[in-house]
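All remarks here apply to the structure that follows.
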Amino acid sequence: MTENNITQVHGTTPKQLRENILKDVRTELKEIVLNFQPKKLPEYLTRKEVAKILKVSLVTLSDWNKKGVLKPYRLGNLIRYKRAELDQALISINSKKR
């Protein structure tokens, strides 16, 4: 059995009610647009790209992988590094030197 809900609004016309609803919806949408942050996809770099950025050899890069300085991601024979984690590793390396 279907329930019927009746809502009565006193002291306002249907046009005023519509305008008030639209005004509130627009305000909320503006707030959402101002605070919207698109999700950034992680950027993956190759071993050569990382070595070039850090200005180190591939041997040094492999050594840092073994020591846990960098975190490589493997997919079969491919090795990739997340750009954000690379930046964090640099901060970590520099803070240990001080």
Side-chain angles (χ1 to χ4, degrees):
M1 189 169 197
T2 305
E3 290 185 30
N4 292 328
N5 292 327
I6 298 173
T7 303
Q8 294 182 346
V9 180
H10 298 283
T12 187
T13 65
K15 184 176 180 177
Q16 291 171 327
L17 178 63
R18 181 180 181 272
E19 290 301 319
N20 286 337
I21 291 171
L22 286 173
K23 179 182 165 191
D24 290 342
V25 168
R26 286 184 183 120
T27 302
E28 288 297 317
L29 287 174
K30 284 180 185 177
E31 186 71 25
I32 290 170
V33 167
L34 290 175
N35 295 322
F36 178 73
Q37 296 291 327
K39 186 176 180 179
K40 293 183 180 179
L41 296 175
E43 180 185 0
Y44 290 94
L45 303 171
T46 65
R47 292 179 71 232
K48 287 182 181 180
E49 290 170 332
V50 172
K52 185 177 179 181
I53 290 169
L54 298 178
K55 297 180 181 174
V56 298
S57 69
L58 293 175
V59 174
T60 301
L61 203 60
S62 295
D63 186 47
W64 285 356
N65 291 344
K66 291 176 188 173
K67 290 180 180 178
V69 175
L70 298 176
K71 182 180 176 186
Y73 292 87
R74 297 179 188 274
L75 179 62
N77 292 334
L78 302 176
I79 298 175
R80 297 291 185 264
Y81 300 86
K82 284 186 181 178
R83 176 61 180 231
E85 290 178 3
L86 179 64
D87 294 339
Q88 287 298 324
L90 285 175
I91 293 168
S92 176
I93 290 168
N94 287 328
S95 66
K96 288 178 183 177
K97 288 182 179 180
R98 294 177 186 189

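Note that the numbering runs from 1 along the sequence shown for the chain.
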Would you say L29 and I21 are hydrophobically clustered, going by side-chain heavy atoms of ILVMFWY under 4.5 Å?
-> yes
Give a yes or no on whether Y73 and L45 share a hydrophobic cluster (residues Ile, Leu, Val, Met, Phe, Trp, Tyr; joining criterion: side-chain heavy atoms under 4.5 Å apart).
-> no
Given the rule that I, L, V, M, F, W and Y join up when any side-chain heavy atoms are under 4.5 Å apart, are V25 and L17 in one cluster?
-> yes
Connected via hydrophobic side-chain network under 4.5 Å: L58 and L86 = yes
Tell me, do R47 and S62 make a side-chain contact under 4.5 Å, heavy atoms counted?
-> yes
Quick one: pull up CD in E28 and CD in E31 and give me the separation to the nearest 0.5 Å.
-> 7.0 Å
Work out which heavy atom in Y44 is nearest to a heavy atom in K82; give both atom names and the distance.
-> OH-CE, 3.3 Å
Report the distance from atom NZ of K23 to atom OG1 of T27, rounding to the nearest 0.5 Å.
-> 6.5 Å
What pair of heavy atoms forms the shortest contact from Y81 to L61, and how long is it?
-> OH-CG, 3.8 Å
Looking only at heavy atoms, which two atoms of Q16 and G11 are closest? And how far apart?
-> OE1-O, 4.3 Å
dist E49:CD -> R83:CZ (nearest 0.5 Å) comes out at 9.0 Å
Got a second to check how far I79's CD1 is from N65's CG, nearest 0.5 Å?
-> 6.5 Å
Hey, what do you get for CZ (R74) to CZ (R80), rounding to the nearest 0.5 Å?
-> 11.5 Å
Closest non-hydrogen atom pair between A89 and L70, with its separation = CB-CD2, 3.5 Å
